[in-house]
Every structure is written in C-alpha cells, then in structure tokens.
Amino acid sequence: MPMFPDPDSLPSRLLPEYIAVVAVDQEGFTRLPGARLADASAAIGPAVDRALTAAGLDAVRDAKLFPRDTGDGLVFGCATGYVPQLVDSFLDALERDLARHNATPDGPALRLRVALTLGPLLLGTGPGAGNGPARNEAHRLLDAAELKRLLARASRRTTNVVAIVSDTVYRDFVLAEHTELSPERFRSVVATVDSKGFAQRAWIYVPSPPGDLLDDPAADVPDGGVPDRAAPLVLPAVDGARSGPGLHQYAGQGVVVAGGFSGDLSLSFTTPSGAPDGRGPGRR
C-alpha cells in the first residue's frame, strides 16, 4: 500500500515538501565604492561554504536547493533535517570564519545578517523553483529593521554575524530541544519591514555578542501576557523624580533587584539562584 495517495485521486493538491531556507545579506554593501562591489559580492559564497564545511554540512554545501546569488548576499534551501545543525554549528562557524577573514588585510571586510525559516516550497529546476511564502519570509526577516539595527550597534571587534530565525524554527526546533542551543540564547522581537507591510514575531541569535548588545527591551514581544525578556513599565514620579520614558522598570519573572541608579531609575527582574530553568543536559 503506498504511503501517500495518488495526487490525481484527490480533490485538492498535496502539500509541497517542507524545505529550510537560508538567506544571507552583507552589511553596508550599497555604501561600498563601485570598484569594490565585485570583490565583496564574490567573498560571501566561499565564506558560507567554508562555514558549512566546518559545521559538518558538506551535504548541504554540495547540494543546495534553488541557490541564488543576490549580489549582496545569497539564498538557498535544504532538507529540514539539517535545521538543528544549521542553528547549532553553522552560525557559530560562520562567525569564526568571518572573524579570521576580517583580521587579515586581504579582501573586503564582511559582516553578515542570516535568516533561517522553513515552509512548503515547490522544487524543480525552472526559474520559479523555490519561490513561495517561506522564501519571501526569509528575505523579509533578513531585511528586518531590528536585525539591521542590532548589527549596526554591535562592535566590529566582537560581532560579525547576527542571525534571525522564524517563530516556527524557534518553536519546532529550539524550544522543542532538537538543538543544543538553549532557548535563552535567543531574543524575541517583532521583525518589521515597513516598506513591505511586514511585521512578524521572530527570534534573534548572535553567536558572538558584546556584553550589552541584547540589552534593548524596546523590541521584545510579550508571550501570553508575560514578556519573553524584560519589558518597560512606566513608574510614577516620586519625591520630585521625573516621570516618563526615562523612568522605568523592567518586569519579567523572578525577584526584583536593583540594576543601578544614575539619574534614571532602572530595576530588573532576575531568576533566583538555583531555580530550575527547564534546560536539559548539554544546553548552551
């Protein structure tokens, strides 16, 4: 008995196969002098391939689905079974590769944004292969203002890669512990591209962040009424202290501790020492 029904016997189409989509874009590409654009564009593919090899993903490197060069980046697909390794190893390997690359005087410096999502996509060899909502989503996530702002804020001495994964990737792979990375390494944001009318929950991961890079609650997304991270709450003025956006506390789960006082009041919640965090063994 066949595992799948004959498509011709059904009143509607069969759902296309779920495919993972990886999209990569270079920071500041359009600001480069024209004479440097070709070299900058040509450096992205080899860096991605070296990182795939370092992550043990030669099979993905050698058989990318619908690979496309976008000039300032690239996009390709692969089987969803590779998503855990892409999350756990590829992103870190890409950060290490770019750190080595940028430490040498040869060639243009590269700092990359990476988006990862998945969804049903029609495959094939024609010009429309790989087109569909999942690929559109990957490009929107890649262009999200929050991701661009994060890379711009990050120190060039520490951070060469910032990544964003769709809510589906986060829930089905990270939160479900099919990856080794702890969910606490990801930050929830509303990824927005105003020019496209795009606003969608997503999760940012930075392989090598400076200490204060993710300390920006403005873009955090409440989940069931409870913030994933700290969310700002305005406090009333007391004893002549000024009120408004500058005076706030950050509310999350746990015990209130003072985070410091210098002109503005900043309080934060932290998880008590020794409290269970739900992480399994090996989570990092």
Side-chain angles (χ1 to χ4, degrees), residues 15-16 18-30 68 70-77 80 83 86-87 91 111-121 130-154 159 161-176 179 181 183-207 209 212-234 244-245 248 250-253:
L15 185 70
Y18 266 63
I19 300 296
V21 183
V22 180
V24 178
D25 195 59
Q26 183 178 169
E27 181 190 48
F29 182 82
T30 57
R68 303 285 171 81
T70 60
D72 56 354
L74 54 84
V75 61
F76 64 89
T80 56
V83 168
L86 288 169
V87 172
L91 297 173
R111 301 179 83 215
L112 299 178
R113 303 188 310 278
V114 182
L116 175 61
T117 187
L118 57 86
L121 291 173
N131 287 344
R135 184 173 167 190
N136 293 343
E137 179 185 48
H139 287 291
R140 298 294 178 265
L141 293 175
L142 198 62
D143 288 338
E146 294 72 21
L147 193 67
K148 292 182 176 181
R149 183 169 63 244
L150 205 66
L151 185 57
R153 286 182 55 210
T159 304
V161 172
V162 295
I164 188 167
V165 305
S166 67
D167 195 44
T168 301
V169 169
Y170 177 80
R171 288 185 289 103
D172 291 354
F173 291 88
V174 179
L175 201 58
T179 65
L181 280 178
E184 293 180 357
R185 295 290 306 277
F186 293 77
R187 173 185 159 207
S188 177
V189 299
V190 175
T192 59
V193 183
D194 289 342
S195 63
K196 301 294 185 179
F198 180 84
Q200 183 170 299
R201 183 190 181 103
W203 299 80
I204 286 177
Y205 169 66
V206 184
D212 63 345
L213 181 61
L214 299 182
D215 191 20
D216 176 12
D220 293 338
V221 183
D223 184 9
V226 178
D228 294 297
R229 283 171 45 88
L233 299 175
V234 176
H248 55 272
Y250 296 118
Q253 294 177 325

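Note that the coordinates shown come from a computational prediction; the quantities given were computed from them, not determined experimentally.
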Among L116, T179, V169, the one residue meeting side-chain contact (heavy atoms from CB on, under 4.5 Å) with L86: L116
Less than 4.5 Å apart, side chain to side chain, heavy atoms only: is that true for V190 and E146? no
Nearest heavy-atom contact between S166 and L118 is OG-N, 4.5 Å
Are T117 and T168 packed together at the side-chain level, in the sense that at least one heavy-atom pair is separated by less than 4.5 angstrom? no
Which heavy-atom pair separates L181 from V87 by the least distance, and what is that distance? CD1-O, 3.6 Å
Where is the tightest heavy-atom contact between I19 and G77, given as atom of each residue plus distance? CG2-CA, 4.1 Å
Apply side chain to side chain contact (heavy atoms under 4.5 Å, CB included) to A176 and list each qualifying residue two or more places apart in sequence or on a separate chain. H178
For side-chain contact (heavy atoms from CB on, under 4.5 Å), just list the numbers for V162 and R111, CA-CA rounded to whole Å, side-chain angles, deciding distance to a tenth of an Å, and then say yes or no. CA-CA 9 Å; V162 295; R111 301 179 83 215; over 6 Å; no
What distance do L142 atom CG and T70 atom OG1 have between them, rounded to the nearest 0.5 Å? 8.0 Å
Heavy-atom nearest pair, L141 first then A191, reads CD2-CB, 3.9 Å
Rounded to the nearest 0.5 Å, what separates atom CD in Q26 from atom CG in L74? 10.5 Å
Rounded distance [0.5 Å steps], CG in D172 versus CG in D167: 9.0 Å
Any idea which heavy atoms bring A20 and T80 closest together, and the distance? N-CG2, 3.8 Å
Is there a side-chain contact between D143 and K196 in this structure, where contact means two heavy atoms from C-beta onward sitting under 4.5 Å apart? no
Is any side-chain heavy atom of Y205 closer than 4.5 Å to one of V174? no
All side chain to side chain contact (heavy atoms under 4.5 Å, CB included) counterparts of P120, not counting sequence neighbours: L15, P16, Y18
Under 6.0 Å between ring centres, would you say that holds for W203 and Y170? yes
Trace of the side-chain contact (heavy atoms from CB on, under 4.5 Å) decision for Q200 with R140: CA-CA 9 Å; Q200 183 170 299; R140 298 294 178 265; over 6 Å; no
Is a side-chain donor or acceptor of E27 paired with a backbone partner of R113 at a separation under 3.5 angstrom? no
